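Chain identifiers are assigned alphabetically (A, B, ...) following the order of the sequence lines, protein sequences preceding nucleic acid strands; residue numbering begins at 1 within each chain. The structure presented is a predicted model; accordingly, all values stated were derived computationally and were not measured. Values below: every heavy atom of this structure, side chains too, minus hydrogens, waters and symmetry copies.
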Number of protein chains: 2
Amino acid sequence: MDNEAPSPLKVTMAAVAVEAGVSRATASRVFYGSTPVAEHTRQAVYAAAERLGYVPNTMARSLAARGSDILGLLVRAPDNPAYGLLFSELQANVSGAGLQMVTVAPSRNEGAHFERQALNRLLGLRVGGMFVATGVISAGMLEPFLDLVPVVVVGRPESHPDIHGVSYDEDHNADLLAHAVAAAGHRSAAVVVPEHSVSEHRRGAAMARGLTERGVRVHQVSSPTFGSQGEGGREIVALRRAGLITAAMFPSDFRLLAFLPLAQEAGLRVPEDLSLTGFDGILPGIDLLGFTTVRIPVEDAARRAVEVMRAQLEERTRPRHELLPGTLIRGRTLGPAPTLR
Amino acid sequence: MDNEAPSPLKVTMAAVAVEAGVSRATASRVFYGSTPVAEHTRQAVYAAAERLGYVPNTMARSLAARGSDILGLLVRAPDNPAYGLLFSELQANVSGAGLQMVTVAPSRNEGAHFERQALNRLLGLRVGGMFVATGVISAGMLEPFLDLVPVVVVGRPESHPDIHGVSYDEDHNADLLAHAVAAAGHRSAAVVVPEHSVSEHRRGAAMARGLTERGVRVHQVSSPTFGSQGEGGREIVALRRAGLITAAMFPSDFRLLAFLPLAQEAGLRVPEDLSLTGFDGILPGIDLLGFTTVRIPVEDAARRAVEVMRAQLEERTRPRHELLPGTLIRGRTLGPAPTLR
DNA sequence: ATGAAAGCGCTAACAC
DNA sequence: GTGTTAGCGCTTTCAT
């Protein structure tokens with residue numbers, strides 16, 4: 001009588017082969033092989049694997065195969081909903097393409113050093129391709145590996161000429177909002193342009209530009225550090241009270257959210273007294289607040305990134321940079337411009 | 001003259017050893033070895049590795065070592081901020097402990113089949129331990145591997161007697177809120193108890209119990225499917241109008257958020273006419289809305305989960321189940337009970 | 001269509 | 001303190 005089966009993780013392909021009465025080579029071919037295998041042999045091997053609870057050892061496999069088809073994702077901050085959604089969508093698309101993906105995150109949100117560690121974790125696993133969803137890693141850090149593993153940078157707007165990039169078209173998105181504000185009849189608006197966040201700064205600048213081009217007067221508010229939302233907010237309230245603006249544009253939904261209590265406190269009705277716009281459209285449940293904002297095309301970016309990756313896996317091509325437009329969300333925080341005073 | 005260095009990923013430890021003028025074994029010892037190595041040898045090896053851009057091959061390493069110290073995380077839905085934060089915190093704690101972690105997510109949010117695939121991805125990598133942050137995988141699916149790899153289930157309240165669990169104390173948290181509502185003088189409140197979400201149902205039931213124990217009359221509202229928030233909300237509005245309640249408790253901040261527009265539409269002031277409480281305290285920026293809610297202790301759970309994991313890595317001990325209390329967030333949506341009518 | 005055998009890059013005894 | 005050597009579990013020529 002047979003002994004009790006050992007723990008599944010200890011079952012090797014050799015054991016499966018024996019159980020199925022074939023050679024290790026044949027067993028291997030059944031699972032991933034390129035060469036054809038007789039149908040009944042195939043059945044036998046599958047049955048044996050099932051019986052033993054065989055879990056293929058990815059380590060051994062990719063070592064022997066000199067590489068794997070597992071893709072890696074380096075994600076900057078999983079606690080940021082925009083990245084969380086991107087992770088989720090990439091995973092879905094990768095699986096849809098019949099590929100696998102593992103994800104790593106740096107141990108801290110800031111610091112190239114930590115991102116490097118995470119990158120090495122992926123490289124150490126000899127992934128077959130990498131999605132990089134963080135702006136902190138410089139292209140230079142990626143460069144040495146480019147010829148061995150396809151890299152697709154996703155999300156961040158900027159990238160290296162040798163690296164494939166699929167990004168949100170922040171300028172276009174900002175313009176969508178600027179257009180909406182102008183079209184609602186506003187002739188003078190505040191735009192929050194943070195100094196310390198690269199992407200938010202870019203958004204703010206683009207919104208200001210879009211307004212100006214449309215003949216809307218812009219009052220630029222350089223919001224101070226992220227923590228103290230109060231400052232910029234109070235400036236906006238003062239501008240409204242002085243009758244200098246009828247709308248305020250924020251470079252993220254979060255900042256708009258932070259402003260709401262101030263507006264309420266100041267007795268300003270939205271949008272009757274003051275129209276407001278955000279940016280991102282990601283925060284779960286935020287739609288319920290009725291924000292007028294632009295939804296960054298996370299799903300599209302994920303889909304395209306995977307398509308680009310698949311193409312790279314087949315055959316390396318010249319790097320391309322794609323910019324994906326978002327969609328305007330017409331909420332209740334943007335209304336027609338009131339008559340001032 | 002030497003040829004140009006090959007791609008870093010092609011550099012093997014053998015190459016490093018040659019470059020440093022030592023044997024492969026010594027090089028190995030320098031990187032992870034248990035046996036001591038002469039200081040100047042050590043330097044030489046590090047220098048050689050640096051020069052060549054050596055990236056250790058994790059596959060080969062853990063194959064030879066029959067296992068790795070890389071931990072795996074199976075996370076249910078990275079696009080859910082609560083899971084995103086948990087991911088982030090686990091990563092920070094794992095790194096803090098000098099360990100590595102890779103994360104996998106199922107390709108779709110629902111379906112045991114997809115979670116199984118993700119689980120196998122982790123198992124295939126022969127991780128040294130696993131964090132499981134999903135309720136969908138049944139303990140039975142985990143059971144076959146328990147003796148080979150330590151498993152810590154984190155977040156979900158329920159778990160198997162053979163598996164370590166670190167969870168949020170939902171009952172306690174619900175009671176915190178019930179206490180706060182009762183203490184504010186409310187004598188009659190609505191409690192939303194969804195039928196289709198296990199954890200939300202549990203929360204709702206516990207809140208109702210807590211109120212009842214404190215002599216508060218409970219109007220249970222069985223919110224229908226998740227999509228149509230309207231239904232339950234309208235029932236609450238009606239209850240308030242009929243003068244039957246002065247407060248409403250929701251089993252998630254999201255549901256509370258969904259109710260806000262309805263309350264506004266109905267002309268109900270919060271909290272003057274109606275007090276509201278949520279549950280979770282996670283959604284970034286939600287604090288700005290002034291929700292009275294309970295913050296689930298994600299950071300504590302992550303920290304404890306890693307501590308438990310480390311203990312398991314050292315020596316397998318009897319499984320323990322921990323329940324972690326959250327903290328009450330006193331926001332502006334809970335006020336003193338108004339006189340009815 | 002299948003089997004035999006040679007590694008993949010590394011670690012872990014075991015010698016010296 | 002360092003080198004030698006035998007595998008880890010698997011894929012992949014090369015035969016048959």
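Rounding to the nearest 0.5 Å places OH of B:Y168 at 9.0 Å from CG of B:L324. Remark: A:I282 CD1 to A:L85 CG distance equals 5.0 Å, nearest 0.5 Å.
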- Task: I would like to know whether A:E299 and A:R303 meet salt bridge (Lys or Arg N to Asp or Glu O under 4.0 Å); could you show each step before the answer?
- Result: CA-CA 6 Å; A:E299 293 83 352; A:R303 189 172 38 72; over 6 Å; no
- Item | Step-by-step salt bridge (Lys or Arg N to Asp or Glu O under 4.0 Å) determination, B:R304 to B:E307 | CA-CA 5 Å; B:R304 279 303 298 156; B:E307 286 171 4; 2.4 Å; yes
Please output the side-chain donor-acceptor pairs of residues 60-74 of chain B that fall under 3.5 Å, not counting sequence neighbours, one pair per line with the distance.
residue, atom, partner, partner atom, Å
B:S62, OG, B:T58, O, 2.8
B:R66, NH1, B:A64, O, 2.5
B:S68, OG, B:I70, N, 3.2

Listed pairs under 3.5 Å, donor-acceptor, residues 87-94 of chain A side chains, sequence neighbours left out:
residue, atom, partner, partner atom, Å
A:Q91, OE1, B:R121, NH1, 3.4
A:Q91, NE2, A:S95, OG, 3.0
A:N93, ND2, A:E89, O, 2.8

Donor-acceptor contacts under 3.5 Å from residues 129-137 of chain B side chains, at least two apart:
residue, atom, partner, partner atom, Å
B:T134, OG1, B:E115, OE1, 2.8
B:T134, OG1, B:E115, OE2, 3.2
B:T134, OG1, B:V136, N, 3.0

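Between B:F31 and B:Y54, the ring-plane angle classifies as tilted under the 30° and 60° cut-offs.
Think of the region where chain B sits on DNA chain D: with heavy atoms and a 4.0 Å cut, that region ends 5' and 3' at D:dG1 to D:dG9.
C:dT2 atom P lies 10 Å from atom CZ of A:R42, rounded to whole Å.
For A:R316, the CZ atom sits in a packed shell: over 12 heavy atoms of surrounding residues, nucleotides or ligands are nearer than 6.0 Å.
Overall, the helix from C:dA1-D:dT16 to C:dC16-D:dG1 carries an axis bend of 30° between its ends, with five pairs at each end and the value rounded to 10°.
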- B/S/- contact track for nucleotides 3-12 of chain C, protein heavy atom under 4.0 Å: BB-BBBBBBB
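Remark: side-chain polar atoms of B:H321 are not paired, donor with acceptor, to backbone N or O of B:P161 under 3.5 angstrom.
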